*Asks:* 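Below is one structure. I have some questions about it.
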2 protein chains.
Amino acid sequence: MVTIRDVATAADVAVSTASRALNNNPRISQKSRDRIQLIAKDMGYRVNSNAKNLSLGESNVVGVIFPVTKVGNQENTFHIDMMRGVNKELAPRKYVMSVAMGQTDTELLSNVQAMVLEAQIHRFILLYSKKNDMVTQFLSTQNDVRYVVIGEPVDSGTQFYVNNDNVLAGFDATKFLERTYNSKHILFIKSNKNWNFEIQREHGFNHAIDELKIKRESSNLGLRHGNDNSDRLISYIKAHSNVDGVVAADDMIGFTFFNFWEKTFNKDIPVIVFNNNQLFSRMGNNNFHCVDLYPDKLGQEAAKLVFSDDTRGYIVVPHKVR
Amino acid sequence: MVTIRDVATAADVAVSTASRALNNNPRISQKSRDRIQLIAKDMGYRVNSNAKNLSLGESNVVGVIFPVTKVGNQENTFHIDMMRGVNKELAPRKYVMSVAMGQTDTELLSNVQAMVLEAQIHRFILLYSKKNDMVTQFLSTQNDVRYVVIGEPVDSGTQFYVNNDNVLAGFDATKFLERTYNSKHILFIKSNKNWNFEIQREHGFNHAIDELKIKRESSNLGLRHGNDNSDRLISYIKAHSNVDGVVAADDMIGFTFFNFWEKTFNKDIPVIVFNNNQLFSRMGNNNFHCVDLYPDKLGQEAAKLVFSDDTRGYIVVPHKVR
DNA sequence: CTGTTAGCGCATTCAT
DNA sequence: ATGAATGCGCTAACAG
């Protein structure tokens with residue numbers, strides 16, 4: 001392994017000079033910097049991050065925190081896309097990405113604690129937003145750690161958020177149905193999880209309904225994720241046969257609804273869901289629409305924010321109906 | 001920050017003794033170990049991984065390498081489940097997980113190189129298997145790095161694999177259709193990506209067809225992921241109206257086919273796909289089946305292997321038709 | 001603009 | 001069974 005000492009010797013300078021040159025410190029003349037960097041490159045020099053991190057008291061790592069979810073959860077797709085966005089910002093900064101997961105809240109917290117207290121990680125991105133979250137609370141008490149939350153602002157202790165405008169997204173989705181299909185009896189459905197983003201989308205839906213002065217259908221269908229709700233869903237659909245458009249807060253639920261409707265009445269119903277995912281481009285059905293929330297952009301903006309010098313920030317990533 | 005020196009002082013022993021005690025070194029009496037560990041715990045001592053790693057010349061990190069894929073790729077779900085499996089094995093070993101991604105082969109390789117040469121990571125898990133892969137080739141040349149590949153063995157330089165038996169999975173899937181639906185004209189469809197695992201499943205399919213002495217339908221339908229193949233698919237379906245069962249090498253393709261068939265002929269066709277994903281438990285359709293490949297188990301076994309003392313290993317994770 | 005030196009926290013060799 | 005001393009590779013304070 002070639003160390004900075006070897007580089008210094010080869011360049012006939014002191015280690016500190018080599019160190020500064022390699023870190024582009026302006027205290028070293030541009031000429032020397034170029035020369036030393038070239039020598040280092042020729043020798044195949046690579047920093048030892050452990051040594052560097054130890055010396056700096058901080059790791060070149062961004063901790064990416066996943067929500068506590070089960071195997072097979074479909075939301076997962078969204079999360080990977082966010083990671084991809086984060087990843088884009090890391091390489092130029094010489095940072096890497098570590099992941100914290102857990103099967104329970106405590107397990108997750110414990111992983112995050114190790115990241116802060118043992119691995120000296122000071123930058124985190126949470127791929128979820130949750131009220132009274134143990135992880136968020138822990139991070140907010142730690143000095144010198146900066147964390148960015150992707151999702152609805154729910155916690156006054158958190159200074160950095162990246163989010164879509166879910167109210168506007170719900171509004172746009174609803175207007176889209178009315179404009180495109182002339183729908184007058186639009187139904188809003190959501191999961192029974194009480195996610196904040198679903199509530200926001202419903203608010204947007206309500207605003208649009210009011211503005212358009214059309215009929216709002218009852219929306220208290222709480223489909224349970226991952227269970228078989230066939231009977232319940234079918235009877236629900238039959239009781240709402242007058243509906244001519246559906247805004248689904250959750251893409252999988254919208255998809256399920258769409259399929260059952262088609263099966264029950266043997267015809268399509270216009271459905272619009274949120275989140276983009278390749279599934280929909282392969283449906284091959286023109287009545288199935290999607291508000292693309294650009295998860296990769298969410299991740300990318302979060303990464304930018306976690307490196308910015310600001311003391312607070314709230315980035316809104318635009319969506320697109322299609 | 002409380003360091004090992006503080007612990008040593010508090011316990012009235014030398015730093016070296018404290019270090020050994022905290023690492024459960026048998027050279028320290030059990031009594032001293034217990035006493036020192038208790039003191040450390042009371043003081044809230046935490047190892048500094050950077051210091052430890054620097055000293056040992058190796059990081060307590062497992063690098064998890066993603067294939068080069070685009071945003072919105074549905075395979076993503078499978079990958080996250082594998083990560084979850086890996087994660088299970090890490091905490092007890094005091095290891096953490098870093099992720100390498102890239103938009104191109106070279107970008108990915110560059111990230112992995114940084115992990116080995118800069119971050120001193122010696123253990124890797126590849127979430128994909130690919131012939132002539134730059135990353136695999138790089139890793140195989142590095143001393144003291146151990147990597148486990150999840151997928152079909154394709155590279156003689158790789159000593160550790162974890163995989164499903166995809167031939168058997170294809171065989172079982174086909175037999176399942178015949179047994180359950182008495183299908184006699186079974187179609188096998190795959191993507192146009194030439195993935196090794198798809199070819200294996202097709203072999204299994206062929207074996208089953210031969211053994212059952214039933215009709216094998218032509219299977220050269222190369223659906224392109226993420227594109228609109230509606231016209232092509234519909235004409236293909238119409239040309240194969242005698243088919244009474246489908247084995248789809250790729251879950252999304254199977255799903256697409258299922259939907260189009262239903263739309264075209266206004267009735268279901270039995271379909272069986274691979275990979276588990278919550279989607280299918282919500283289809284609410286009894287004709288849609290899945291061979292569960294247990295991605296989380298794949299990840300978990302890979303993690304075990306990357307920590308084992310063996311010099312080579314090939315683990316097969318069983319599947320289950322349902 | 002550059003060099004000397006100390007120190008980050010820990011593991012380990014060598015001594016006792 | 002335990003302690004003292006050295007070094008891992010790098011940065012930064014201080015000195016010139």
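Proteins come first, then strands; the chains are lettered A, B, ... in the order of their sequence lines, and each starts at number 1. Predicted model only: the values in this text are computed from it and were never measured.
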*Asks:* Of the candidate nucleotides D/dG3, C/dC10, D/dG9, which contains the atom at the shortest distance from the side chain of B/Val13?
*Replies:*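 Output: D/dG3.
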
*Asks:* Can you tell me how far P of C/dA11 sits from CG of B/Asn53, to the nearest Å?
*Replies:*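 The distance from CG of B/Asn53 to P of C/dA11 comes to 10 Å, rounded to the nearest Å.
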
*Asks:* In this structure, is the centre-to-centre distance between the rings of A/His79 and A/Phe66 below 6.0 Å?
*Replies:*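 When the ring centroids of A/Phe66 and A/His79 are compared, they turn out to be within the sub-6.0 Å range.
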
*Asks:* Rounding to an integer number of Å, can you tell me how far B/Leu56 CG sits from C/dT12 C1'?
*Replies:*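 Spelled out: CG on B/Leu56 to C1' on C/dT12 is 10 Å.
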
*Asks:* Ring pair (Phe, Tyr, Trp, His ring centres under 6.0 Å): which pairs involve residues 28-53 of chain B, sequence neighbours left out?
*Replies:*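 Ring pair (Phe, Tyr, Trp, His ring centres under 6.0 Å) check on residues 28-53 of chain B returns no pairs.
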
*Asks:* Is A/Ser16 near enough to D/dA12 that one of its side-chain N or O atoms lies under 4.0 angstrom from OP1 or OP2?
*Replies:*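 A/Ser16 to D/dA12 OP1/OP2: no side-chain N or O under 4.0 Å.
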
*Asks:* Is any N or O donor-acceptor pair between the side chain of B/Arg20 and the base of D/dG3 shorter than 3.5 Å?
*Replies:*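 When only heavy-atom distances are counted, B/Arg20 does reach the base of D/dG3 through a donor-acceptor pair under 3.5 Å.
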
*Asks:* Under the criterion side-chain hydrogen bond (donor to acceptor under 3.5 Å, both in side chains), I'd like the reasoning laid out for B/Gln30 against B/Asp34: C-alpha separation, chi angles, the key distance, then a yes or no.
*Replies:* CA-CA 6 Å; B/Gln30 184 67 53; B/Asp34 292 343; 3.0 Å; yes

*Asks:* Kindly point out which of D/dC8, D/dG9, D/dG3 is positioned nearest to the side chain of B/Ser55?
*Replies:*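 The answer is D/dC8.
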
*Asks:* Roughly, in whole Å, what's the span from CE in A/Met1 to C1' in D/dC8?
*Replies:*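 For the pair A/Met1 CE and D/dC8 C1', the rounded distance is 9 Å.
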
*Asks:* Thinking salt bridges, do B/Glu118 and A/Lys52 make one under a 4.0 Å N-O criterion?
*Replies:*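 Looking at B/Glu118 and A/Lys52, the cut-off is not met.
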
*Asks:* So, A/Phe307 versus A/Tyr95, ring centres under 6.0 angstrom or not?
*Replies:*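 Under 6.0 Å, so yes.
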
*Asks:* What is the distance from CG of A/Asp12 to P of C/dT4, rounded to the nearest Å?
*Replies:*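 That distance rounds to 11 Å.
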
*Asks:* With heavy atoms under 4.0 Å as the rule, sort A/Thr3 into base, sugar-phosphate or nothing.
*Replies:*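 Here A/Thr3 touches the backbone only, sparing every base.
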
*Asks:* Of the nucleotides D/dC10, C/dT12, D/dA13, which one has an atom closest to the side chain of A/Lys52?
*Replies:*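 Side chain of A/Lys52 sits closest to D/dC10.
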
*Asks:* Taking atom C1' of D/dC10 as reference, at what distance in whole Å does atom CZ of A/Arg46 sit?
*Replies:*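 Result: 17 Å.
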
*Asks:* Please list, in numerical order, the residues of residues 24-35 of chain A that have a heavy atom closer than 4.0 Å to any atom of DNA chain D.
*Replies:*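 Within this stretch, A/Arg27 sit under 4.0 Å of the strand.
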
*Asks:* So does B/Asp309 pair up with B/Arg146, basic N to acidic O under 4.0 Å?
*Replies:*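 Between B/Arg146 and B/Asp309 there is no salt bridge, as every charged N stays at least 4.0 Å from the carboxylate O atoms.
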
*Asks:* Going by an N to O cut-off under 4.0 Å, is there a salt bridge joining A/Arg93 and A/Glu89?
*Replies:*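 Judged by the 4.0 Å cut-off on N to carboxylate O distance, A/Arg93 and A/Glu89 do form a salt bridge.
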
*Asks:* Tell me the bend of the helix from C/dC1-D/dG16 to C/dT16-D/dA1 as the angle between end helix axes, each from five pairs, rounded to the nearest 10 degrees.
*Replies:*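 The helix from C/dC1-D/dG16 to C/dT16-D/dA1 shows an end-to-end axis angle of 30°.
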
*Asks:* Between C/dC8 atom P and A/Ile4 atom CD1, what is the distance in whole Å?
*Replies:*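 So the two atoms are 19 Å apart, to the nearest Å.
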
*Asks:* Categorize A/Asn23 for me: base, sugar-phosphate, or nothing, with a 4.0 angstrom heavy-atom threshold over every strand shown.
*Replies:*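 Counting heavy atoms under 4.0 Å across all strands, the contact made by A/Asn23 is with sugar-phosphate only.
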
*Asks:* Specify the separation, in whole Å, of atom CG of A/Asn48 and atom P of C/dG9.
*Replies:*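 Distance, rounded to whole Å: 17 Å.
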
*Asks:* Between B/Lys297 and B/Asn164, does any side-chain donor sit less than 3.5 Å from a side-chain acceptor?
*Replies:*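 Checked: B/Lys297/B/Asn164 side chains show no N/O donor-acceptor pair below 3.5 Å.
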
*Asks:* Nearest of C/dT12, D/dT11, C/dG9 to any side-chain atom of B/Leu54?
*Replies:*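 Selected nucleotide (nearest to the side chain): C/dG9.
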
*Asks:* Pairing donors with acceptors under 3.5 angstrom, does anything connect the side chains of A/Gln120 and A/Asn53?
*Replies:*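 No.
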
*Asks:* Please compare B/Val15 and B/Gln120 by the position of their nearest nucleotide in DNA chain D and report the one closer to 5'.
*Replies:*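 Looking at DNA chain D, the more 5' nearest nucleotide goes with B/Val15.
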
*Asks:* If you only use heavy atoms from C-beta on, which nucleotide in D/dT11, C/dC10, C/dG3 is closest to the side chain of A/Thr17?
*Replies:*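 Closest nucleotide to the A/Thr17 side chain: C/dG3.
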
*Asks:* Regarding B/Ser19 and B/Ser16, is there a side-chain donor-to-acceptor distance under 3.5 Å anywhere?
*Replies:*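 No, because no side-chain N or O of B/Ser19 sits under 3.5 Å from a partner of the opposite role on B/Ser16.
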
*Asks:* Please report, rounded to the nearest Å, how far the P atom of D/dG9 is from the CG atom of A/Asp6.
*Replies:*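 Value for this atom pair: 9 Å.
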
